[in-house]
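Because the structure is a prediction, the values reported are computed rather than measured. Numbered from 1 within each chain, the chains take letters A, B, ... in sequence-line order.
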There are 2 protein chains.
Amino acid sequence: METVDRGTADRRALKHVAIREYVRDLVAGCAPGTAAPSERDLVERFSVARMTVRQALDALVTEGVLQRFPGRGTFVAPPRRRPSRVASFTEDMAGRGAVAESRTLLAEKVKSPAGVARALGLVPREPVLRWRRLRLADGSPVCLSDAYISSSLVPGLLDGPDLPDSLYDELTARGRRPTWAEDSLSAGVATPDEAALLECPEGAVVIRLTRRALWEDRPIEISRSVYRADQHTVSFQLGG
Amino acid sequence: METVDRGTADRRALKHVAIREYVRDLVAGCAPGTAAPSERDLVERFSVARMTVRQALDALVTEGVLQRFPGRGTFVAPPRRRPSRVASFTEDMAGRGAVAESRTLLAEKVKSPAGVARALGLVPREPVLRWRRLRLADGSPVCLSDAYISSSLVPGLLDGPDLPDSLYDELTARGRRPTWAEDSLSAGVATPDEAALLECPEGAVVIRLTRRALWEDRPIEISRSVYRADQHTVSFQLGG
DNA sequence: TAGTGGTCTAGACCACGAA
DNA sequence: TCGTGGTCTAGACCACTAA
């Protein structure tokens with residue numbers, strides 16, 4: 001077979017990407033079960049080989065946007081139930097229709113305590129950022145959080161004149177948003193200090209949540225949070 | 001181009017599947033970073049077109065078994081961090097190295113209460129299975145669970161002479177294992193009844209967990225469980 | 001029977017990485 | 001420079017579904 005194509009790698013003009021995005025737009029907002037264009041339709045419309053169309057549709061099928069039925073056609077897939085993503089307090093509150101605020105109690109570079117160093121995979125006493133905050137939803141205290149952040153991955157995070165509003169927004173902006181996390185949850189009662197800050201009775205039931213978050217398999221944040229149990233429920237979705 | 005191939009759909013002999021499984025076996029147990037055969041090697045070995053090899057490798061890349069690096073080659077991928085799967089109490093305990101047991105307190109077909117009917121997507125008063133159990137780990141009481149199961153999806157589940165050991169094993173055997181679930185978690189104190197069964201002081205801190213589990217987008221189980229907080233921590237993994 | 005997706009061929013040129 | 005993966009062509013036959 002003779003030369004067919006310069007490789008089409010003219011950059012920024014990948015055909016399968018163009019087709020994929022065309023179809024994505026086309027079916028955006030369509031009800032599940034709506035028919036997508038057939039592969040041969042797309043071949044004609046874009047004047048490409050069928051393999052190219054299939055490459056485009058394969059991506060959408062893998063993403064869960066489309067579903068193929070041999071002999072029938074390609075259709076908009078029903079929305080996929082997904083396991084929970086790693087969410088920040090701010091996002092968690094937004095999902096509940098509340099506005100998150102926080103009051104910084106402590107923001108400093110410290111020598112990592114042994115437990116923190118182990119969890120973050122650092123040498124003990126290696127500097128880490130510690131950020132302790134009281135977190136509020138619609139103005140009332142919900143949770144007390146104490147986060148240790150691996151400073152080598154986000155240099156200068158707490159150095160600016162203003163502290164970031166949201167840790168995860170800041171990590172996202174730096175391309176360091178956690179890609180995976182493990183949350184461990186237990187219940188107990190508030191200590192006097194916790195009670196004072198959370199404005200609840202000493203001995204009130206609280207939920208304690210420890211998070212270990214990784215970015216690309218590298219530990220980036222470990223935090224302990226204490227929630228007033230009378231004002232908070234933790235929900236999460238599990239995959240099949 | 002003339003006829004090349006009978007379609008190869010001779011059944012049970014899909015080339016890309018054969019190649020995929022060959023490569024999967026080849027790299028099974030290999031350390032992350034180990035080189036996989038190059039695409040052109042596989043083309044020669046199997047005497048197929050390169051597109052066919054790519055189809056095979058695409059599947060393994062999507063699965064997270066392999067990673068491709070343009071210009072370098074294809075390599076065994078590092079193990080992927082995954083979000084939590086829907087686990088049963090039995091599996092949860094096994095993961096902690098404990099043996100799960102249970103004592104059935106109630107197993108009956110009842111008219112669904114309004115709340116349960118709503119959660120399971122049933123008509124109120126439509127029959128559902130109710131299964132209330134005390135659950136133990138290595139012999140000591142850990143949790144009290146009360147599950148409602150949509151009987152139309154698993155007819156006769158509690159009718160046999162013996163009750164199943166594990167609800168999820170039984171659902172799995174019937175091809176009805178939940179594919180997705182949402183767990184909601186709160187904390188509180190034990191009621192006198194709960195305290196008696198869990199063998200803990202009245203007023204002890206407990207974790208309350210509600211699960212709504214779906215099989216193929218259809219609600220199949222809703223349950224409420226009460227855990228002794230002094231003996232239990234709930235962990236879950238979140239995806240990126 | 002016509003149309004759909006599933007599989008496959010036998011080439012091609014490209015950009016990129018390592019030597 | 002050579003080998004790798006990334007992209008693409010212009011066809012082909014198959015099984016399956018719906019009319």
When you get a sec, tell me which of C:dA10, D:dG5, D:dT7 is the closest nucleotide to the side chain of B:A49? C:dA10
Ignoring backbone atoms, establish whether A:T52 has a side-chain N or O less than 4.0 Å from OP1 or OP2 of D:dC8. no
B:M51 has an atom CE; how far is it from atom P of C:dG11, in whole Å? 16 Å
Between C1' on D:dT7 and CZ on A:R50, what's the gap in Å once rounded to a whole number? 18 Å
Exactly one of B:E221, B:R176, B:R174, B:R177 should register a side-chain contact (heavy atoms from CB on, under 4.5 Å) with B:W215. Which one does? B:R176
Residue mapping more 5' on DNA chain D - nearest nucleotide basis, A:V48 or A:P70: A:V48
Side-chain ion pair, A:E44 and A:R40, N-O less than 4.0 Å: no
From CZ of A:R54 over to P of D:dC8, roughly how many Å is that when rounded to an integer? 15 Å
Just the rounded figure in Å: distance from P of D:dG6 to CD of A:Q55. 10 Å
Verify the contact: side-chain N or O of B:S38 to OP1 or OP2 of D:dG3, cut-off strictly under 4.0 Å; return yes or no. no
Does D:dG6 have OP1 or OP2 under 4.0 Å away from a side-chain N or O of B:R68? yes
Are any side-chain N or O atoms of B:T74 and backbone N or O atoms of B:S38, one a donor and one an acceptor, separated by less than 3.5 Å? no
5′-ward residue of the pair A:S47/A:G71 relative to DNA chain D: A:S47
Considering only side-chain heavy atoms of A:R72, which listed nucleotide, C:dC8, C:dG17, D:dT17, is closest? D:dT17
Given atom CZ of A:F46 and atom P of D:dT7, what is their separation to the nearest angstrom? 17 Å
CG of B:D58 versus C1' of C:dT7: gap in Å, rounded? 14 Å
Could B:R85 and B:E91 be called an ion pair, given the rule that one side-chain N must be under 4.0 Å from one carboxylate O? no
Expressed as a whole number of angstroms, how long is the span from A:R40:CZ to D:dC13:C1'? 11 Å
Value in whole Å for how far the P atom of C:dT9 lies from CD of B:E44: 15 Å
Side-chain (A:W131) to main-chain (A:S145) donor-acceptor, under 3.5 angstrom: no
